[in-house]
J.: 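Here it is, the structure, as structure tokens.
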Amino acid sequence: MRLLLFLTVCQYAINSIHTYSVSNPNVVLLMADDLGIGDLGCYGNRTLRTPYIDRLAKEGVTLTQHIAASPLCTPSRAAFLTGRYPIRSGMAAFSRVGVFLFSASSGGLPSEEITFSKLLKQRGYATALIGKWHLGMNCESSNDFCHHPLSHGFDYFYGLTVTNLRDCKPGQGSVFLKGIQKYLVIPVQILGVTLVSLAVVHYVGLLKVPFQALGYCLLLTAISLAVLIFFFYHFRHLNCFLMRDHQIIQQPLSYENLTQRLTTEAVQFIGRNTDVPFLLVLSYLHVHTALYASNMFRGKSKHGLYGDAVEEMDWSVGQILNVLEKYNLRNKTLTYFSSDQGAHIEEISSSGEVHGGYNGIYKGGKSTNWEGGIRVPGLLRWPGVIPAGTYMDEPTSNMDIFPTIVKLAGAQLPYDRIIDGHDLMPLLQGKVTRSKHEFLFHYCNAYLNAVRWHPGNSESVWKAFFFTPNFNPEDSNGCYDSHVCFCHGGFITRHDPPLLFDLSRDPEEKVPLTPKTERRFYEILRVIQLAVANHTRSLQAVPDQLSWDNLLWKPWLQPCCSSLFQSCYCDFESEDSLLEVHSG
């Protein structure tokens with residue numbers, strides 16, 4: 001009798017612990033930037049050292065078909081935060097440029113969108129975003145912060161509102177140089193020659209040109225050139241800065257020990273919130289160019305500066321895992337690691353050093369919907385809840401994080417909008433064996449590029465491309481002439497019928513299927529076209545956040561911690577560090 005009572009009490013205690021552990025867990029979301037799936041040891045890399053990220057795989061679930069909702073930063077991150085295709089929120093561009101490039105743009109994640117951070121904050125979670133945001137900042141003034149992280153459910157922000165660019169780091173070149181040379185220099189030269197020619201023919205009397213009109217044209221041209229020269233000359237000061245909450249604390253950004261500073265902020269946030277549930281999004285600048293690494297890691301890897309940056313990021317992941325152990329939070333925390341899209345394979349420095357990552361066996365990279373651009377690392381660890389050391393080859397999406405953590409926090413999913421992600425917990429815990437994603441829609445900016453179909457009664461994963469990017473050079477694996485691949489016009493080749501692959505047999509997307517090699521060819525395409533029609537009917541017209549008007553630099557929106565006359569310079573970050581040293 002006593003033994004039975006003892007066992008009953010033990011079972012009750014176990015059930016109580018289990019119930020506590022699977023409700024209101026802490027959530028740590030670690031997001032790399034432009035990291036290739038082939039860059040990590042747990043995905044087969046044997047030369048880069050990533051022991052802490054590999055530890056997440058060993059102690060949790062490795063998703064081998066984890067798909068980014070977009071192959072570009074801004075739309076992918078919008079989908080990640082909202083659980084929705086970026087086309088639904090206006091965060092997918094109809095123009096050529098698919099991401100925000102300037103801090104004084106007016107576009108951004110609309111306030112009407114519901115992020116997982118908003119819902120978790122309502123459930124009493126402490127919430128923080130540390131690192132890269134890239135989803136806009138202001139709308140109508142330089143301090144309305146309508147798109148800022150603090151307006152989207154985060155209590156605390158330390159990081160960059162835009163992104164890390166080559167232009168942010170002296171000596172690393174410019175992402176704008178080719179575009180300026182191609183689309184600006186020649187038109188300006190033509191305009192200059194035209195105006196000078198008009199002035200000459202007017203002077204010699206061959207043609208009477210209104211002098212006032214000619215003067216206005218010259219003045220307007222001169223002012224436009226002066227503004228452009230000022231902007232690009234001061235680009236680093238105007239766009240590359242570090243913020244804490246709403247305050248700029250370092251303008252321009254210093255890369256010195258930057259990963260260490262981001263990591264310290266994350267560790268301190270966890271330390272401040274050991275008694276309450278928390279959501280931490282640590283959004284690394286690694287390994288987007290400009291590449292950087294601290295002295296502790298520089299020159300230590302076998303893959304140059306890119307490898308140094310990967311290994312430094314892995315160290316940072318280790319610091320986060322260690323602090324969870326320190327505060328006995330390991331078993332109470334769901335930890336997720338991924339990348340916003342695949343490696344940017346066209347990234348090569350001016351000296352010829354490869355600054356892009358490795359996408360393993362997969363074709364293409366960032367900016368394309370070939371597998372190399374969208375198949376990303378997906379690691380989830382939650383000891384005692386998610387089985388350790390398991391692999392999952394079902395199609396999953398970074399949009400799935402939204403419903404997964406919202407449900408775990410006890411919040412209700414929004415009922416007034418479509419959520420495209422699905423709760424991962426039944427799949428991760430082995431309660432089901434099939435993904436709920438029968439179809440995944442792959443957009444190139446705002447254009448539907450491809451569709452993935454995983455039929456419920458088959459192991460096949462069909463993928464149909466309606467168009468593909470034109471690689472340059474033609475026999476390469478990317479768009480090296482233009483630095484990224486584009487989504488329309490002469491940059492693509494359309495396919496009718498669509499190119500069809502079975503990823504379960506051809507994950508490298510080498511050999512398109514034909515009616516001769518696949519007897520159900522037209523039947524498969526018919527099902528996919530029906531899915532496209534249903535999906536398209538579910539879309540509603542929304543304001544385009546990445547229109548040219550919303551993308552362009554607006555001087556009145558420019559954040560500046562001093563004044564334009566002082567080149568927007570300040571460095572409260574270094575001053576605070578010095579004060580800490582002296583006070584210590």
J.: Using distance alone, with no hydrogens and no angle criterion, decide if E573 and S254 have a side-chain donor and acceptor under 3.5 Å apart.
T.: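 No, no side-chain donor-acceptor pair sits under 3.5 Å.
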J.: Distance check, rounded to the nearest 0.5 Å: W553 atom CH2 versus L101 atom CG?
T.: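 Reported to 0.5 Å precision, the distance equals 14.5 Å.
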J.: Tell me if a side-chain donor or acceptor on H355 pairs with a main-chain N or O of H344 at a distance below 3.5 Å.
T.: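 No: the side chain of H355 does not pair with the backbone of H344.
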J.: Do the side-chain N and O atoms of S283 and R77 include a donor-acceptor pair separated by under 3.5 angstrom?
T.: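 Their side chains do contain a donor-acceptor pair, which is all the 3.5 Å distance test asks for.
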J.: Closest approach of N445 and R96, non-hydrogen atoms and distance?
T.: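 In terms of heavy atoms, the two residues are closest at ND2-O, 3.5 Å.
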J.: I'd like to know if the side chain of T404 pairs up with that of D400 as donor and acceptor (distance under 3.5 Å, no hydrogens or angles considered).
T.: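 No, no side-chain donor-acceptor contact under 3.5 Å.
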J.: Atom CG of residue position N143 - does it have more than 12 heavy atoms of other residues, nucleotides or ligands inside 6.0 Å?
T.: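 Count over threshold, so yes.
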J.: Describe, in one word, how the ring planes of F145 and H246 are oriented to each other, choosing from parallel (under 30°), tilted (30 to 60°) and perpendicular (over 60°).
T.: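 F145 and H246: parallel rings.
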J.: Side-chain contact test, heavy atoms from C-beta onward, threshold under 4.5 Å: evaluate it for T274 versus N328 and give yes or no.
T.: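 No. Closest side-chain heavy atoms not under 4.5 Å.
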J.: Got a sec, which pairs hit disulfide (SG to SG under 2.5 Å) with one end in residues 236-286, sequence neighbours left out?
T.: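 Non-adjacent pairs meeting disulfide (SG to SG under 2.5 Å): C168-C240.
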J.: Could you walk me through whether Y306 and D39 pass the side-chain hydrogen bond (donor to acceptor under 3.5 Å, both in side chains) check?
T.: CA-CA 10 Å; Y306 183 89; D39 287 327; 2.5 Å; yes
J.: Between R375 and H66 (side chain of the first, backbone of the second, donor and acceptor by atom type, cut-off under 3.5 Å), is there such a pair?
T.: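 Not a single qualifying donor-acceptor pair exists.
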J.: Could you pull out the closest heavy-atom pair between F116 and F402, with the gap in Å?
T.: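 Looking at all heavy atoms of both residues, the closest pair is N-CE1, 3.4 Å.
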J.: Can you classify the ring geometry of Y443 versus Y85 as parallel (below 30°), tilted (30 to 60°) or perpendicular (above 60°)?
T.: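 Judged by the thresholds at 30° and 60°, the geometry between Y443 and Y85 is tilted.
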J.: Nearest 0.5 angstrom please: Y284 OH to L35 CG, how far?
T.: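 Result: 11.5 Å between the selected atoms.
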J.: May I ask you to test the D34-Q341 pair for a side-chain heavy-atom distance under 4.5 Å?
T.: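 Yes. Closest side-chain heavy atoms under 4.5 Å.
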J.: Nearest 0.5 Å, please: how far is CG in L253 from CG in L242?
T.: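 The CG atom of L253 is 6.0 Å from CG of L242, to the nearest 0.5 Å.
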J.: Counting C-beta onward and ignoring hydrogens, is there a side-chain heavy-atom pair between H147 and N138 closer than 4.5 Å?
T.: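 A side-chain contact is absent here, since even the closest heavy-atom pair is not under 4.5 Å.
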J.: Going by the rule side-chain hydrogen bond (donor to acceptor under 3.5 Å, both in side chains), which residues pair with E325 if we only count those two or more places apart in sequence or in a different chain?
T.: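 For E325, the residues satisfying side-chain hydrogen bond (donor to acceptor under 3.5 Å, both in side chains) (neighbours in sequence not counted) are R55, R330.
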J.: Kindly state each residue pair satisfying disulfide (SG to SG under 2.5 Å) with at least one member in residues 103-154, sequence neighbours excluded.
T.: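 Sorted result for residues 103-154: C139-C146.
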J.: How many angstroms lie between atom CG of D314 and atom CG of L40, to the nearest 0.5 angstrom?
T.: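 The CG atom of L40 is 8.0 Å from CG of D314, to the nearest 0.5 Å.
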J.: Answer yes or no: is there a donor N or O on one side and an acceptor on the other, between the side chain of D245 and the main chain of Q247, under 3.5 Å?
T.: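 A pair under 3.5 Å: no.
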J.: Given side-chain hydrogen bond (donor to acceptor under 3.5 Å, both in side chains), test S294 with E312 step by step and report yes or no.
T.: CA-CA 8 Å; S294 63; E312 182 171 61; 2.6 Å; yes
J.: Looking at Y255, I'd like to know if the NZ or CZ of K169 sits under 6.0 Å from its six-membered ring centre while staying within 45 degrees of the ring's axis.
T.: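 Flagged: K169 positioned over aromatic ring of Y255.
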J.: Angle class for the Y336/F80 ring planes (parallel below 30°, perpendicular above 60°, tilted otherwise)?
T.: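 Parallel, since the angle between the ring planes stays under 30°.
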J.: Examine the side chains of S89 and Q545 and answer whether a donor and an acceptor come within less than 3.5 Å of each other.
T.: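 On atom types as modelled, these side chains do not qualify, holding no pair under 3.5 Å.
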J.: Which residues satisfy the disulfide (SG to SG under 2.5 Å) test with C560, sequence neighbours excluded?
T.: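 C560: disulfide (SG to SG under 2.5 Å) contacts with C568.
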J.: Do we see a donor-acceptor contact under 3.5 Å between the side chains of Y156 and E265?
T.: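 Yes.
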J.: Report the residues that fulfil side-chain hydrogen bond (donor to acceptor under 3.5 Å, both in side chains) with K121, sequence neighbours left out, ordered by chain and then residue number.
T.: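 By the side-chain hydrogen bond (donor to acceptor under 3.5 Å, both in side chains) rule, K121 matches D155.
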J.: Is I320 close to V28 at the side-chain level, that is, under 4.5 Å between some pair of heavy atoms?
T.: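 In short, these two side chains touch, coming nearer than 4.5 Å.
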J.: Calculate, to the nearest 0.5 Å, the distance between atoms CG and CG belonging to L29 and L334 respectively.
T.: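 If we round to the nearest 0.5 Å, L29:CG and L334:CG are 7.5 Å apart.
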J.: Tell me the closest heavy-atom pair linking N331 and P383, and the distance in Å.
T.: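 Smallest heavy-atom distance, with atoms named: OD1-CB, 3.2 Å.
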J.: Are any of the side-chain heavy atoms of P414 and L119 separated by less than 4.5 Å?
T.: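 Counting from C-beta outward, P414 and L119 do come under 4.5 Å.
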J.: Determine whether the side chains of T335 and T333 contain a donor N or O and an acceptor N or O closer than 3.5 Å.
T.: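 No, because no side-chain N or O of T335 sits under 3.5 Å from a partner of the opposite role on T333.
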J.: Would you compute the distance between atom CD1 of I345 and atom CG of N477 and round it to the nearest 0.5 angstrom?
T.: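 Reported value, rounded in 0.5 Å steps: 4.0 Å.
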J.: With a 4.0 Å cut-off, would you call E347 and K366 a salt bridge?
T.: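 No, no charged N to carboxylate O under 4.0 Å.
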J.: Mind checking side-chain contact (heavy atoms from CB on, under 4.5 Å) for V354 and listing every partner two or more places apart, or none if nothing turns up?
T.: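 Residues passing side-chain contact (heavy atoms from CB on, under 4.5 Å) with V354: none at all.
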J.: Do S103 and Q558 have a side chain donor and acceptor closer than 3.5 Å?
T.: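 Side chains of S103 and Q558: pair found under 3.5 Å.
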J.: Out of the candidates H148, R244, H152, only one should pair with F157 under the side chain to side chain contact (heavy atoms under 4.5 Å, CB included) rule; please name it.
T.: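 Result: among H148, R244, H152, H148 is the only option passing the side chain to side chain contact (heavy atoms under 4.5 Å, CB included) with F157.
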J.: Quick one: are V310 and Y358 in side-chain contact, heavy atoms under 4.5 Å?
T.: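 SC-SC contact between V310 and Y358 ruled out.
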J.: Among side-chain atoms of T259 and H286, is any donor-acceptor pair under 3.5 angstrom?
T.: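 Short answer, yes.
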J.: Evaluate whether atom CD of E353 has more than 12 neighbouring non-hydrogen atoms of other residues, nucleotides or ligands under 6.0 angstrom away.
T.: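 More than 12 heavy atoms, drawn from other residues, nucleotides or ligands, come within 6.0 Å of this atom.
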